[in-house]
Novice: 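Quick one: structure below, then a few questions.
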Amino acid sequence: MEFKNKKVIVTGGAQGIGKEVVRGIVDGGGFAIIADINKERAMQTVEEFSPNAEFEYIDLGDKDSIVSSMNNIIERNGKIDALVNCGGVISAVQFKDLTFEEWERTIRINLTGCFNTISSIYNHFIENGGGRIVNVSSVAGKIGGGLLGTAAYASSKAGLNGLTKAVAKEGGKYGISCNAVCPSFTNTEMTKQLSEDKEKSDKVISMIPLGRRAEPSEIAQMILFFASDLASFVNGEIGDCDGGIVLD
């Protein structure tokens, strides 16, 4: 997809789905700003895509870190064309064992973190005539969780779906579009623990009509579409890229 002369921030862009989004931006002629907490992995990714990528440290669980990082990116790069929120954490704790600390951490990073990245760039987009926002959500936010992402995770992603629609509704008049992508079981570092438990892994795969896990590059394709000008009239969409689990 075409990203010529576009600058795109990708949180969580050091690995997994985020890295494949970075690859697509660079392959499309764009420049990717990898905003990640994992400096070592991020710098490896930057080196792989140099000179068309750069790194900015960000802690999605810390508002001050987010605001500072986003301001640094804008100051250094000038006009930003899109923000892709890929960063986040998994929570697999069953509700009966769910502590406030685990709940708060998951919501703070997955939902409030996205609120903070969006709010930090929202006025910049207004001043520049618009921008594209893509949030990476999950099917867990639609079906109440699963074997990997349970109550706290599902709630954070359901909230992210609502935030996506609200930003789309309010931002449209400024030329700001906001969409979300809901993956299911994807072959990433985040799901490695589940993948190693064959019984759980097989059970999740049995729920997927296509009968397999997704590769990160497959999820990235929908994200890249929403982030590109090809989706110029797509706004407020919560798109499933899940092999057919949700079917809505």
Novice: Tell me, do Leu224 and Phe3 make a side-chain contact under 4.5 Å, heavy atoms counted?
Specialist: yes
Novice: Is there a path of hydrophobic side-chain contacts, each under 4.5 Å between heavy atoms of I/L/V/M/F/W/Y residues, joining Ile25 to Met43?
Specialist: yes
Novice: Among the clusters formed by ILVMFWY side chains lying less than 4.5 Å apart, do Ile17 and Ile90 turn up in the same one?
Specialist: no
Novice: Do Ile238 and Asn179 have side chains that get closer than 4.5 Å, going by heavy atoms?
Specialist: no
Novice: Please report the closest heavy-atom contact between Ser65 and Tyr57, naming both atoms and the distance.
Specialist: OG-CE2, 4.1 Å
Novice: Got Val84 and Thr11 here, is their nearest side-chain heavy-atom distance under 4.5 Å?
Specialist: no
Novice: Could you tell me whether Asp229 and Lys6 make a salt bridge, using a distance below 4.0 angstrom between a side-chain N and a carboxylate O?
Specialist: yes
Novice: Does a donor on one side chain sit under 3.5 Å from an acceptor on the other, for Ser91 and Glu102?
Specialist: yes
Novice: With side chains defined as the heavy atoms from C-beta onward, is the minimum distance between Tyr122 and Glu170 less than 4.5 Å?
Specialist: yes
Novice: Among pairs that include at least one residue of residues 238-248, which meet side chain to side chain donor-acceptor pair (under 3.5 Å), considering only residues two or more places apart or in two chains?
Specialist: Lys142-Asp240, Lys142-Asp248
Novice: Can you tell me how far the CZ atom of Phe95 sits from the CH2 atom of Trp103, to the nearest 0.5 Å?
Specialist: 7.5 Å
Novice: Considering non-hydrogen atoms only, spot the tightest contact between Ile34 and Ala53 and give its length.
Specialist: CD1-CB, 4.4 Å
Novice: Who are the side-chain hydrogen bond (donor to acceptor under 3.5 Å, both in side chains) partners of Asn135, not counting sequence neighbours?
Specialist: Asn85, Thr164
Novice: Asp62 side chain to Asp64 main-chain N or O, any donor-acceptor pair under 3.5 Å?
Specialist: yes
Novice: Has Glu127 got a side-chain atom pairing as donor or acceptor with Gly129's backbone, closer than 3.5 angstrom?
Specialist: no
Novice: Quick check for you: to the nearest 0.5 Å, what is the distance between Thr45 atom OG1 and Asn38 atom CG?
Specialist: 8.5 Å
Novice: Output all residues satisfying side-chain contact (heavy atoms from CB on, under 4.5 Å) with Asn5, sequence neighbours left out; order by chain, then residue number.
Specialist: none
Novice: With side chains defined as the heavy atoms from C-beta onward, is the minimum distance between Leu163 and Val167 less than 4.5 Å?
Specialist: yes
Novice: Mind listing the closest non-hydrogen atom pair of Ile223 and Val181 along with its distance?
Specialist: CG1-CG2, 3.8 Å
Novice: Please identify which of these residues, Val26, Val134, Val136, Val10, meets the side chain to side chain contact (heavy atoms under 4.5 Å, CB included) condition with Val21.
Specialist: Val10
Novice: Quick one: closest heavy-atom pair of Ile109 and Gly88, and the distance?
Specialist: CG2-CA, 4.1 Å
Novice: Between Val89 and Ile37, is there shared hydrophobic-cluster membership here, with clusters defined by ILVMFWY side-chain heavy atoms closer than 4.5 Å?
Specialist: no
Novice: So which atom in Ile219 and which in Pro183 form the shortest heavy-atom distance, rounded to 0.1 Å?
Specialist: CG2-CG, 3.6 Å
Novice: Quick one: pull up CG in Asn123 and OH in Tyr174 and give me the separation to the nearest 0.5 Å.
Specialist: 9.0 Å
Novice: Any chance NZ of Lys173 has more than 12 other-residue heavy atoms, nucleotides or ligands included, within less than 6.0 Å?
Specialist: yes
Novice: Under 4.5 Å between side-chain heavy atoms, hopping through other hydrophobics if needed: is there a path connecting Val246 to Met222?
Specialist: no
Novice: Under the salt bridge (charged side-chain N to carboxylate O under 4.0 Å, His left out) rule, what pairs show up with a residue in residues 79-88, not counting sequence neighbours?
Specialist: Lys79-Asp81
Novice: For Ala154 and Ala140, work out which heavy atoms get closest and say how close.
Specialist: CB-O, 3.3 Å
Novice: Can you name the side-chain contact (heavy atoms from CB on, under 4.5 Å) partners of Ile121, sequence neighbours left out?
Specialist: Ile9, Met70, Ile74, Ile80, Leu83, His124, Phe125
Novice: Output the distance between atom CZ (Arg132) and atom OG (Ser232), rounded to the nearest 0.5 Å.
Specialist: 7.0 Å
Novice: Would a hydrophobic clustering, with Ile, Leu, Val, Met, Phe, Trp and Tyr connected at side-chain separations under 4.5 Å, put Ile118 with Phe226?
Specialist: no
Novice: Should Cys182 and Ser138 count as side-chain neighbours, where that means a heavy-atom distance under 4.5 Å?
Specialist: no
Novice: List the steps and the verdict of side chain to side chain contact (heavy atoms under 4.5 Å, CB included) for Ile66 and Asp59.
Specialist: CA-CA 6 Å; Ile66 293 171; Asp59 180 352; over 6 Å; no
Novice: Can you sort out the partners of Ser217 under side-chain contact (heavy atoms from CB on, under 4.5 Å), two or more places apart, ordered by chain and number?
Specialist: Glu20, Glu215
Novice: Using the test side-chain hydrogen bond (donor to acceptor under 3.5 Å, both in side chains), find all partners of Glu218 that sit at least two apart in sequence or belong to another chain.
Specialist: Arg212
Novice: Does Asn77 form a side chain to side chain contact (heavy atoms under 4.5 Å, CB included) with Phe31? I'd like the steps, not just the answer.
Specialist: CA-CA 10 Å; Asn77 287 279; Phe31 184 84; 3.7 Å; yes
Novice: Once side-chain contact (heavy atoms from CB on, under 4.5 Å) is applied, do any residues pair with Ala168, and if so which ones, sequence neighbours excluded?
Specialist: Cys178, Asn235
Novice: Hey, does Val234 have a side-chain heavy atom less than 4.5 Å from the side chain of Glu237?
Specialist: yes
Novice: Can you list everything that forms a salt bridge (Lys or Arg N to Asp or Glu O under 4.0 Å) with Lys157? Sequence neighbours excluded, please.
Specialist: none
Novice: Calculate, to the nearest 0.5 Å, the distance between atoms CG and CG belonging to Leu60 and Asn110 respectively.
Specialist: 8.5 Å
Novice: Applying side chain to side chain contact (heavy atoms under 4.5 Å, CB included) to Met1 and Gln221, what does each step give before you reach the verdict?
Specialist: CA-CA 9 Å; Met1 276 163 269; Gln221 294 307 305; 3.6 Å; yes
Novice: Any pair with a residue in residues 106-116 that passes salt bridge (charged side-chain N to carboxylate O under 4.0 Å, His left out), sequence neighbours left out, goes on the list, sorted by first then second residue, please.
Specialist: Glu104-Arg108
Novice: Are Arg213 and Thr186 close enough that some pair of their side-chain heavy atoms sits under 4.5 Å apart?
Specialist: no
Novice: Suppose the criterion is salt bridge (charged side-chain N to carboxylate O under 4.0 Å, His left out): which pairs have a residue in residues 68-77, not counting sequence neighbours?
Specialist: Glu54-Arg76, Glu56-Arg76
Novice: Which salt bridge (charged side-chain N to carboxylate O under 4.0 Å, His left out) pairs, counting each pair once, include a residue from residues 25-43, with sequence neighbours left out?
Specialist: none
Novice: Measuring from atom OG of Ser120 to atom CG of Asn116, what distance do you get when rounded to the nearest 0.5 angstrom?
Specialist: 6.0 Å
